[in-house]
Asks: 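Structure provided below as structure tokens; questions to follow.
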Amino acid sequence: MSPQPDVIRGTSIAGTGRYVPERVMTNHDLAQIVETSDEWIVERTGIRQRHIAAPDQASSDLALIACQRALAMAGLEPGQVDHIVLATTTPDRILPSCACTLQQKLGATRAAAYDMFAACTGFVYGLGLARGLIGAGVADTVLVVGVETLSRIVDYTDRNTCVLFGDGAGAAVLRPAAPGEGLHAIDMHSDGELGEVLEVPSGISRNPATTATVAGREHFIRMQGKKLFPFAVRSMVESLSLCLERSGWAANDLDLFIPHQANLRIIDGVRERLALDPAKCVVNIDRYGNTSSASIPIALDEAVRAGRLQPGHKLGLAAFGGGATWGAATMTWTLPAPAAMREAEPAAAREVTT
Ligand code: ACO
């Protein structure tokens with residue numbers, strides 16, 4: 001069991017935002033590249049399409065728009081942000097951090113900024129960190145953003161992985177709340193024994209880039225999907241169950257459950273084991289694929305703007321990812337859902353040339 005911080009102040013979400021690149025790659029598009037089919041991908045994963053960043057878009061560009069939208073919803077200026085926690089597996093560069101690049105673009109002049117590598121669990125880890133910072137009085141406004149341009153590390157000759165992943169960003173602004181309001185329980189874990197089940201073998205200190213590593217396609221994601229599947233279901237169920245227990249809630253007390261979107265069959269497995277009403281489970285993997293650290297905040301922002309969350313609602317989140325990492329959170333929603341926020345997909349912020 002993860003130790004819980006000695007929280008003095010409550011922490012709640014004051015705004016959310018998302019951005020996905022305009023370019024859509026359908027299953028039919030992928031079937032032109034590798035030996036696969038729309039039927040196989042839909043049946044085995046639930047994915048129908050994913051969004052792909054334009055050549056001139058890096059992770060910080062996607063994160064910028066999601067963060068601007070989250071801050072606008074919160075009614076805050078970038079200069080009011082104290083910390084930027086950027087969860088990613090695909091930073092713009094190793095140095096400087098993606099968070100610092102975002103900090104400059106956003107104009108968050110007061111903010112400390114750093115990247116967090118917790119793969120698909122990064123947003124949940126970010127919420128845990130934000131609660132610690134705010135609860136302990138270290139920060140008042142924490143921007144947690146999950147962003148990925150996974151298309152840059154996906155091997156489009158490997159049908160086992162290239163059909164799964166997509167690009168996008170989702171952000172949340174965390175602010176102090178009354179004790180007991182907002183975030184309730186957060187549970188976070190890791191197990192490095194499972195590291196090689198999902199990895200990018202080369203490119204940094206273990207195997208620096210050489211012509212041989214590039215020729216061997218070692219800078220792309222490699223995954224043993226079958227090994228991950230049961231672990232994914234088990235870890236999300238156990239972690240969310242622990243949070244529910246700490247909150248004193250049963251699974252069906254939840255008004256909404258947002259699982260990491262890795263595979264529809266994994267989501268269904270978690271939901272069935274929790275005996276959760278399907279109507280309470282957010283699913284958008286059909287439109288975005290697996291966007292790793294961005295998947296939960298993208299789904300959260302969609303739910304908020306669609307009016308699916310109202311003050312007092314009980315929300316559960318659960319994720320697992322490479323590392324391996326996994327975790328969950330429970331919270332009481334505090335943010336009103338004004339009609340003005342109930343929009344369709346936010347208007348595209350830029351033209352895409354591909
Ligand atoms: N199109 C057609 N056939 C394919 C494709 C494809 N895109 N991919 C694999 N196949 C083939 C395989 O080669 C295999 O053929 P074979 O039987 O002749 O060897 C067959 O389909 C079945 O492959 P399986 O691996 O058994 O398929 P499975 O039902 O397990 O589904 C999948 C594969 C979708 C990867 C599944 O195992 C999965 O979702 N695992 C979890 C993956 C995951 O969650 N990854 C991300 C976690 S961390 C993070 O989110 C960053």
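Atoms considered below: every heavy atom in the structure, side chains included; atoms not considered: hydrogens, waters and symmetry mates. Every number for a ligand or one of its atoms is a count from 1 in the order of the listing.
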Asks: Could you check atom 15 (O) of ligand 1 against the protein and tell me its nearest heavy-atom contact, residue, atom and distance included?
Replies: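 Checking every protein heavy atom, the shortest distance to atom 15 (O) of ligand 1 gives Arg159 NH2, 4.2 Å.
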
Asks: With respect to atom 10 (N) of ligand 1, which of Phe229, Phe231, Trp40 exhibits the smallest heavy-atom separation?
Replies: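 Ranked by closest heavy atom to atom 10 (N) of ligand 1, first place is Trp40.
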
Asks: May I ask you to test the Pro91-Phe117 pair for a side-chain heavy-atom distance under 4.5 Å?
Replies: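 Touching, per the 4.5 Å side-chain cut-off.
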
Asks: Please check whether Ser37 reaches ligand 1 - meaning an N/O of the residue sits under 3.5 Å from an N/O of the ligand, judged on distance alone.
Replies: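 Among all N and O atoms of Ser37, none is under 3.5 Å from an N or O of ligand 1.
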
Asks: Nearest to atom 35 (C) of ligand 1, what protein heavy atom do you find, and at what distance?
Replies: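 Answer for atom 35 (C) of ligand 1: Met223 CE, 3.8 Å.
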
Asks: Tell me whether the guanidinium CZ or amine NZ of Lys314 lies under 6.0 angstrom from the six-membered ring centre of Trp333 and within 45° of its axis.
Replies: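 No - Lys314 does not lie over the ring of Trp333 by the 6.0 Å and 45° rule.
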
Asks: What is the nearest protein non-hydrogen atom to atom 49 (C) of ligand 1, stated with its residue, atom name and distance?
Replies: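 Checked against all protein heavy atoms, atom 49 (C) of ligand 1 sits closest to Cys120 SG, 2.4 Å.
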
Asks: Check ligand 1 against Arg265 and write out every atom of the ligand that is under 4.0 Å from a heavy-atom position of the residue.
Replies: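 Contacts of ligand 1 toward Arg265, numbered from 1: 28 (P), 29 (O), 31 (O).
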
Asks: Just to confirm my output: which protein heavy-atom neighbour is closest to atom 46 (C) of ligand 1, and how far is it?
Replies: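 Here the nearest protein heavy atom works out to Asn290 ND2, 3.6 Å.
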
Asks: Does the distance from a Lys or Arg side-chain N to an Asp or Glu carboxylate O, for Arg273 and Glu238, drop under 4.0 Å?
Replies: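 No, no charged N to carboxylate O under 4.0 Å.
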
Asks: Report the distance from atom CG of Leu228 to atom CG of Leu194, rounding to the nearest 0.5 Å.
Replies: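 Reported value, rounded in 0.5 Å steps: 7.5 Å.
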
Asks: Answer yes or no: does an N/O atom from Lys226 fall short of 3.5 Å to an N/O atom of ligand 1?
Replies: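 Right, the criterion is met.
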
Asks: Quick one: do Asp140 and Arg9 make a salt bridge, cutoff under 4.0 Å?
Replies: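 So Asp140 pairs with Arg9 through a salt bridge.
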
Asks: Decide whether Thr325 and Ser190 meet the rule of one side-chain donor and one side-chain acceptor closer than 3.5 Å.
Replies: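 There is no such pair between these side chains.
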
Asks: Suppose I only count heavy atoms of Val163 and a 4.0 Å limit; which atoms of ligand 1 are within that range?
Replies: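 Within the 4.0 Å cut-off of Val163, ligand 1 contributes 7 (N).
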
Asks: Atom 17 (O) of ligand 1: protein heavy atom closer than 4.0 Å?
Replies: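 No; the ligand atom in question lacks any protein heavy-atom contact below 4.0 Å.
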
Asks: Would a search of protein heavy atoms around atom 30 (O) of ligand 1 find one under 4.0 Å away?
Replies: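 Yes, there is one.
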
Asks: Can you tell which of Phe320, Phe165, Trp326 gets a heavy atom nearest to atom 44 (O) of ligand 1?
Replies: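 Result: the heavy atom closest to atom 44 (O) of ligand 1 is in Phe320.
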
Asks: Using a strict cut-off of less than 4.0 Å between a Lys/Arg side-chain nitrogen and an Asp/Glu carboxylate oxygen, indicate whether Asp268 and Arg265 qualify as a salt bridge.
Replies: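 Salt bridge: no.
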
Asks: Which ligand 1 atoms does Arg44 reach within 4.0 Å, using its non-hydrogen atoms?
Replies: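 With Arg44 as reference, the close atoms of ligand 1 come out as 22 (C), 27 (O), 28 (P), 29 (O).
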
Asks: Does Ala232 come within less than 4.0 Å of ligand 1, judged by its heavy atoms?
Replies: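 Contact check Ala232 vs ligand 1: negative.
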
Asks: Can a donor-acceptor pair be found, under 3.5 Å and without considering hydrogens, that links the side chain of Asp167 to the backbone of Ser151?
Replies: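 Yes, the answer is positive, given that a donor and an acceptor are paired below the 3.5 Å cut-off.
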
Asks: Relative to each other, are the rings of Trp326 and His189 parallel, tilted or perpendicular (30° and 60° limits)?
Replies: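 If you compare the ring of Trp326 with that of His189, the planes turn out parallel.
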
Asks: Among Arg175, Arg110, Gln80, His83, exactly one meets side chain to side chain donor-acceptor pair (under 3.5 Å) together with Thr141. Which residue is that?
Replies: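 Between Thr141 and the candidates, side chain to side chain donor-acceptor pair (under 3.5 Å) is satisfied uniquely by Arg175.
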
Asks: Any atoms of ligand 1 less than 4.0 Å from a non-hydrogen atom of Asn263? List them with their elements.
Replies: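 Heavy-atom distances to Asn263 below 4.0 Å select 34 (C), 36 (C), 38 (C), 39 (O).
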
Asks: Hydrogens and angles aside, do Ser60 and Asp92 bring a side-chain donor and acceptor to less than 3.5 Å of each other?
Replies: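 Looking only at side-chain atoms, Asp92 and Ser60 do form a donor-acceptor pair, the distance falling under 3.5 Å.
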
Asks: At less than 4.0 angstrom from any non-hydrogen atom of Ile266, what atoms of ligand 1 do you find?
Replies: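 It comes down to these atoms of ligand 1: 41 (C), 44 (O).
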
Asks: Give the atoms of ligand 1, by number and element, whose distance to some non-hydrogen atom of Ala262 is under 4.0 Å.
Replies: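 Contacts of ligand 1 toward Ala262, numbered from 1: 44 (O).
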
Asks: Can you list the ligand 1 atoms lying under 4.0 Å from a non-hydrogen atom of Thr36?
Replies: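 So the answer, numbered in order with elements, is 1 (N), 2 (C), 6 (C), 7 (N).
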
Asks: How close does the nearest protein non-hydrogen atom get to atom 41 (C) of ligand 1, and which residue and atom is it?
Replies: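 Result for atom 41 (C) of ligand 1: Gly225 O, 3.5 Å.
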
Asks: Look at the side chain of Ser295 and the backbone N and O of Thr291, then say whether any donor-acceptor pair between them is shorter than 3.5 Å.
Replies: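 Not at all, since once roles are kept as given, no pair shorter than 3.5 Å links the two residues.
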
Asks: Out of all atoms in ligand 1, which are within 4.0 Å of some heavy atom of Asn160? Include the element for each.
Replies: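 Those of ligand 1 that fall under 4.0 Å from Asn160 are 8 (N), 9 (C).
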
Asks: What I want to check is whether the side chains of Asn207 and Thr213 have a donor and an acceptor closer together than 3.5 Å.
Replies: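 No - no donor-acceptor pair under 3.5 Å links their side chains.
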
Asks: What residue and heavy atom of the protein are closest to atom 48 (S) of ligand 1, and at what distance?
Replies: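 Its nearest protein heavy-atom neighbour is Leu198 CD2, 3.2 Å.
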
